[in-house]
Amino acid sequence: MALRFFIVPAQSSTAAEAELNAFLSSHQVLNVDRRWVDLGANSFWALCVDYITGGKVDGGRSFTGSRARIDYKQVLAPDEFAVFSKLREVRKEIAQLEAVPACTIFTNEQLAQIVQQRCRTTADLARIEGIGEARIEKYAERLLPFLSALSESRDAPSREPV
C-alpha cells in the first residue's frame with residue numbers, strides 16, 4: 001500500500017485533473033482523502049490517494065488497471081437485487097454527504113454479500129470481509145432497515161406437502 005498526493009488548483013486545473021484521472025484509472029485505489037484549501041484566488045484541492053502497489057490486490061490476483069465488471073442483476077435474485085440497488089443509493093447519499101468516493105463507504109461486492117447473507121444485525125455485518133467496527137458504527141443504522149425487506153424464504157427450510 002502506498003500514498004500519492006495531488007494538488008488540483010481551483011483555476012487552470014485541466015492539467016492537474018488529467019494527471020489525477022490518469023493515475024486513478026490505472027491503479028487499484030483503496031481510498032481518496034480530499035480537502036479544500038481556501039486561499040482566495042490560489043485555492044486548491046489537496047488529495048491523498050491510498051493505493052495498492054506491486055500490481056497485486058487481495059488474494060494475490062493481478063491487477064491490470066481495468067476491473068472486471070460484475071453484473072449483479074444476474075448474480076442476485078430479483079428481491080436481492082432490489083435491496084442491493086437501494087443500498088447503493090444509500091451509499092451514494094452518504095458518499096456525497098462525506099465528499100468521498102462511494103466505494104470507500106462499501107464496495108459493490110460488500111453490498112452484495114450483505115444482501116446475499118441476509119445481514120440483519122451489526123454482528124452479521126461484522127462477518128463481511130472489510131467491514132469493521134468503525135463502518136458499522138457509522139453506517140449500520142442507515143443500512144439495516146432496508147435489509148428487513150428481504151424475505152426469509154431463502155433461509156427457512158423448504159416445506160413440501162406430505
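A distance of 7.0 Å separates CG in Leu144 from OG1 in Thr122, rounded to the nearest 0.5 Å. Atom SG in Cys119 sits 9.0 Å away from atom CD1 in Ile136 (nearest 0.5 Å). Between atom CZ of residue Phe6 and atom SG of residue Cys48 there is a gap of 10.0 Å, rounded to the nearest 0.5 Å. Here the OG-CD1 distance, from Ser13 to Ile7, works out to 13.5 Å after rounding to the nearest 0.5 Å. Atom CG of Leu147 and atom CG of Leu125 lie 7.0 Å apart (nearest 0.5 Å). Going from atom CG of Asn31 over to atom SG of Cys103 covers 8.0 Å, rounded to the nearest 0.5 Å.
Judged by distance alone, with hydrogens and angles left aside, the side-chain atoms of Arg34 form no donor-acceptor pair with the main-chain N or O of Trp45 at under 3.5 Å. Looking at Asn21, its side chain never comes within 3.5 Å of a backbone N or O of Ala18 through a donor-acceptor pair. A donor-acceptor contact shorter than 3.5 Å links the side chain of Arg135 to the backbone of Gly130. A donor-acceptor distance shorter than 3.5 angstrom exists from the side chain of Glu80 to the backbone of Ala77, with no hydrogens or angles considered. When atom types are taken as modelled, the side chain of Gln110 and the backbone of Ile128 share no donor-acceptor pair closer than 3.5 angstrom.
By the rule that hydrophobic residues join a cluster once side-chain heavy atoms approach within less than 4.5 Å of another member, Phe44 and Leu20 end up as members of separate clusters. The same ILVMFWY cluster, assembled from side-chain heavy atoms under 4.5 Å apart, contains both Val83 and Ile70.
Asp33 places none of its side-chain heavy atoms less than 4.5 Å from the side chain of Leu47. At least one side-chain heavy atom of Val75 sits under 4.5 Å from a side-chain heavy atom of Gln116. For the pair Ile94 and Leu97, the minimum side-chain heavy-atom distance is 4.5 Å or more. Using a 4.5 Å cut-off on side-chain heavy atoms (C-beta onward), Glu93 and Arg142 make contact. Using a 4.5 Å heavy-atom threshold, the side chains of Leu3 and Val49 count as separate. The closest side-chain heavy-atom distance from Val32 to Thr104 is not below 4.5 Å.
Across every non-hydrogen atom of Ala140 and Pro145, the tightest pair is O-CD, 4.2 Å. The two residues Pro9 and Ala16 make their nearest non-hydrogen contact at CD-CB, 3.8 Å. In terms of heavy atoms, Arg91 sits closest to Thr107 at NH1-C, 3.5 Å.
Residues meeting the ring pair (Phe, Tyr, Trp, His ring centres under 6.0 Å) test with Phe146, sequence neighbours left out: none. A search for ring pair (Phe, Tyr, Trp, His ring centres under 6.0 Å) contacts involving Tyr51 returns Phe23, His27, not counting sequence neighbours. A search for salt bridge (charged side-chain N to carboxylate O under 4.0 Å, His left out) contacts involving Glu17 returns nothing, not counting sequence neighbours.
Legend: salt bridge (charged side-chain N to carboxylate O under 4.0 Å, His left out) pairs involving residues 39-49, not counting sequence neighbours: none detected. Residue pairs meeting the ring pair (Phe, Tyr, Trp, His ring centres under 6.0 Å) criterion with at least one partner in residues 93-142, sequence neighbours excluded, are Phe106-Tyr139.
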Determine whether Asp50 and Val29 satisfy the following criterion, side-chain contact (heavy atoms from CB on, under 4.5 Å), listing intermediate values before the conclusion. CA-CA 6 Å; Asp50 184 3; Val29 175; over 6 Å; no
Assess whether salt bridge (charged side-chain N to carboxylate O under 4.0 Å, His left out) is satisfied between Glu89 and Lys92, documenting all intermediate values. CA-CA 5 Å; Glu89 290 173 23; Lys92 182 179 178 181; over 6 Å; no
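A salt bridge links Arg118 to Asp79: one of the charged nitrogens lies within less than 4.0 Å of a carboxylate oxygen. A salt bridge is defined here as a Lys NZ or Arg NE, NH1 or NH2 lying under 4.0 Å from an Asp or Glu carboxylate O, and Glu98 with Lys138 meets this definition.
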Return all side-chain donor-acceptor pairs below 3.5 angstrom for residues 36-43, not counting sequence neighbours, or 'none' if the list is empty.
residue: Asp38; atom: OD1; partner: Gly40; partner atom: N; Å: 3.4
residue: Asp38; atom: OD1; partner: Ser43; partner atom: OG; Å: 3.1
residue: Ser43; atom: OG; partner: Leu39; partner atom: N; Å: 2.8
residue: Ser43; atom: OG; partner: Gly40; partner atom: N; Å: 3.1
residue: Ser43; atom: OG; partner: Gly40; partner atom: O; Å: 2.8

